[in-house]
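What follows is one structure encoded as structure tokens, with my remarks underneath.
The first residue in the sequence is number 1, and the count goes up from there. The figures that follow rest on heavy atoms only: side chains count, while hydrogens, waters and symmetry mates do not. Each ligand, and each atom within it, is numbered from 1 in the order the structure gives.
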Amino acid sequence: MKKCEKIYEGKAKALYTTEDADVLIQYFKDDATALDGKKKGIIVNKGVLNNRISSRIFRYLEKNGVKTHFVDMPDERDMAVKKVKIFPIEVVVRNIVAGSLSKRMGIEEGAALKETILELYYKSDPLGDPMINEYHIRAFGLASNAELDIIKAEALKINKILTKFFDERGIILVDFKLEFGSHKGEVLLADEITPDGCRLWDKETRDKMDKDRFRRDLGNVEEAYQKVLEKVMR
Ligand code: TMP
Ligand code: ASP
């Protein structure tokens, strides 16, 4: 599948049209940003690693009954995806306290939770993705009630599937961010599932294997992503 015209460029990916009006190509870049774009850098080879990792995970989710935008991986940095209209909502699922939850609640990273937390954020770079709740989604019409019900149920189902998937490969799925889109009236998991948008800790050592290595200048970022790829390919 050939890339035609670039229609969007984000922080980590670009989007191209193809000859098929229903299919786009997501191109994975090496650029990395954090702290709402204030920290910028490059993680060598990240685009290739993330495309492989995400393609593997989307295929696995599809096999387990999750509808995703994934079509194919035609090239090392290209992912063919169904064209969706992205809901301006970021869904974060948390299994263990980390990151902004640790700050907000004043509870140490790594603390256990009595149950999984699902959080909703308004997807807006200029606003820094503020946290919202279901009332905001209804009041601003960000998704219909039926769509929101599917989004929440799918996010929790994906968490169950991926927690087990990573656990079997020696990795703790601490938290992650999902985006959904609508395609011909169907709600599909979209965007990517990669160490850019997940917290992944080594089960034995609790070493970080995700973008926190970049955010917090811990070093060995590419090596960590490479290790995640090797583990998820099993
Ligand atoms: P947080 O602790 O910073 O709120 O992040 C929770 C999870 O969501 C973490 O795995 C990183 C991911 N995430 C993104 O991928 N993009 C974002 O814009 C934010 C805020 C979080
Ligand atoms: N929203 C964050 C940023 O661009 C993403 C991240 O930290 O991963 O700064």
Next item on the list: Give the single entry among Gly99, Ser100, Gly197 that approaches atom 1 (P) of ligand 1 most closely by any heavy atom.
Entry: Ser100

Notebook entry, point to check: Any idea how Tyr60 and Phe165 line up, ring-wise: parallel (<30°), tilted (30 to 60°), or perpendicular (>60°)?
Noted result: tilted

Note to self: So for ligand 1, is Asp175 a polar contact partner (N or O within less than 3.5 Å, distance only)?
What the structure shows: yes

Checklist line | Geometric cation-pi criterion, Lys39 with Phe214: 6.0 Å, 45° | finding: yes

Note to self: Taking side chain to side chain donor-acceptor pair (under 3.5 Å) as the definition, give me every residue that meets it alongside Arg77, ordered by chain and number, with sequence neighbours left out.
What the structure shows: Asp30

Checklist line | Which of the ligand 1 atoms, numbered from 1, are nearer than 4.0 Å to a heavy atom of Cys198 | finding: 10 (O)

Next item on the list: Run the numbers for me: atoms of ligand 1, each under 4.0 Å from some heavy atom of Asp129, listed by number.
Entry: 18 (O)

Next item on the list: Would you mind listing which atoms of ligand 1 come within a distance below 4.0 Å of any non-hydrogen atom of Arg199?
Entry: 1 (P), 2 (O), 3 (O), 5 (O), 6 (C), 9 (C), 10 (O)

Next item on the list: Measure from atom 17 (C) of ligand 1 to every heavy atom in Glu90, Arg94, Lys103 and give the option owning the shortest one.
Entry: Glu90

Note to self: Salt bridge check, Glu134 against Lys152: does any charged N sit closer than 4.0 Å to a carboxylate O?
What the structure shows: yes

Notebook entry, point to check: Will you find, in the side chains of Tyr27 and Asp75, an N or O donor that is under 3.5 Å from an N or O acceptor?
Noted result: no

Check: Which residues pass the side chain to side chain donor-acceptor pair (under 3.5 Å) test with Lys177, sequence neighbours left out?
Finding: Glu179, Asp191

Note to self: Using heavy atoms and a 4.0 Å limit, tell me yes or no: is Arg215 in contact with ligand 1?
What the structure shows: yes

